[in-house]
2 protein chains.
Amino acid sequence: MNEQLRAISELDRVIHEPGRLMIIALLAVVKECDFLYLLHETEMNKGNLSSHLTRLEGAGYVEIEKTYRGKLPQTLLRLTRAGRAAFDEYRKGVKAAF
Amino acid sequence: MNEQLRAISELDRVIHEPGRLMIIALLAVVKECDFLYLLHETEMNKGNLSSHLTRLEGAGYVEIEKTYRGKLPQTLLRLTRAGRAAFDEYRKGVKAAF
DNA sequence: ACCAACAAGTTTGCATAACAAACCAGTTTA
DNA sequence: TAAACTGGTTTGTTATGCAAACTTGTTGGT
């Protein structure tokens with residue numbers, strides 16, 4: 001297998017999924033945001049966004065903090081250190097593949 | 001949605017799958033090859049490779065020609081014009097996303 | 001001549017995964 | 001006080017990727 005194909009085959013599938021890639025790319029820039037911001041920015045539906053976030057949390061890439069804004073629930077999201085590292089790695093892989 | 005996210009969300013899912021991305025990246029370079037070459041080069045198993053190729057054929061991205069090498073069957077693969085165009089588009093999307 | 005092993009793929013079955021609809025707890029508005 | 005809205009989560013269905021098993025034919029051994 002050549003280098004290009006190797007790079008492709010080693011891409012992190014958790015990050016590779018476009019829905020999650022959008023989430024991570026956003027969090028990499030804004031550091032922290034809430035569920036609704038992600039919802040509007042990514043144009044996903046709520047169920048979808050929720051499950052992708054849960055998946056990212058399970059992978060240790062995203063931190064989910066549940067709090068309140070006034071009396072309404074609010075979910076805050078941040079990239080973990082591991083998440084940032086995985087994203088950097090993913091980008092290196094993409095660069096290597098193209 | 002910002003430009004980066006738009007680019008991500010519009011990535012062609014048929015091409016985005018790493019298995020198929022490897023196939024297409026290879027075919028984009030070599031123009032034509034056979035099943036076994038792809039098999040060894042991508043390190044997939046046969047079943048997997050076969051179904052990805054069928055999917056790519058269904059999308060109109062790859063042409064499958066069944067022939068013989070001596071008495072043994074041989075399957076030749078080429079990118080179609082549409083396949084090349086889709087791959088170019090995909091790469092533009094990736095560039096735009098990172 | 002016959003049977004086992006191999007070549008080149010394809011089909012089948014299963015476990016995940018993505019997606020959207022339905023749901024839920026609490027809050028604000030009319 | 002009931003209807004509608006907020007901010008999500010859970011559930012159910014569909015699709016997908018994957019590998020094991022199968023298929024069709026060929027070659028090799030005895």
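What you see is a predicted model, and the numbers here were worked out from it, not measured in a lab. Within every chain, numbering begins at 1; the chains are lettered A, B, ... in the order of the sequence lines, protein sequences first and strands thereafter.
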Any side-chain heavy atom of [X] sitting closer than 4.5 Å to one from [Y]?
{"X": "A:C33", "Y": "A:L76", "result": "no"}
{"X": "B:P73", "Y": "B:F35", "result": "no"}
{"X": "B:L27", "Y": "B:R78", "result": "no"}

Think [X] has a side-chain N or O under 4.0 angstrom from the OP1 or OP2 of [N]?
{"X": "A:S50", "N": "D:dT9", "value": "yes"}
{"X": "B:T75", "N": "C:dG9", "value": "yes"}
{"X": "A:R55", "N": "C:dT16", "value": "no"}
{"X": "A:H52", "N": "C:dC19", "value": "yes"}

Close approaches to DNA chain C from residues 1-30 of chain A, in residue order (heavy atom, under 4.0 Å):
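Those residues are A:E17, A:R20.
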With B for base contact, S for sugar-phosphate-only contact and - for none (protein heavy atoms under 4.0 Å), nucleotides 20-30 of chain C reads BB-----SS--
With heavy atoms under 4.0 Å as the rule, sort A:L36 into base, sugar-phosphate or nothing.
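Sugar-phosphate contact only - A:L36 comes under 4.0 Å of backbone atoms but never of a base.
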List the atom pairs, donor and acceptor, that lie under 3.5 Å between side-chain atoms in residues 87-98 of chain B and the rest of the protein, sequence neighbours left out.
residue : atom : partner : partner atom : Å
B:D88   : OD1  : B:R91   : NH2          : 3.2
B:Y90   : OH   : B:H16   : ND1          : 2.7

How far does CG of B:L56 sit from CG of B:L77, to the nearest 0.5 angstrom?
9.0 Å
Separation between CG of A:L5 and CG of B:L26, rounded to the nearest 0.5 Å:
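Separation between the atoms: 4.5 Å.
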Taking all heavy atoms of [X] and all of [Y], pick out the closest pair and write down the distance.
{"X": "A:T75", "Y": "A:K66", "value": "OG1-NZ, 2.9 Å"}
{"X": "B:L39", "Y": "B:M44", "value": "CD1-O, 3.1 Å"}
{"X": "B:M22", "Y": "A:S9", "value": "SD-CB, 3.8 Å"}

Bend angle of the helix from C:dA1-D:dT30 to C:dA30-D:dT1, from helix axes over five pairs at each end, nearest 10°
20°
Within residues 36-57 of chain B or reaching into it, pairs that qualify as ring pair (Phe, Tyr, Trp, His ring centres under 6.0 Å) - sequence neighbours excluded
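Sorted pair list comes back empty.
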Expressed in angstrom and rounded to an integer, what is the separation of A:K66 atom NZ from D:dT6 atom P?
17 Å
By the salt bridge (Lys or Arg N to Asp or Glu O under 4.0 Å) test, which pairs, at least two apart or in different chains, include something from residues 1-16 of chain A?
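Only A:R6-B:E43, A:R13-B:E17 qualify under salt bridge (Lys or Arg N to Asp or Glu O under 4.0 Å).
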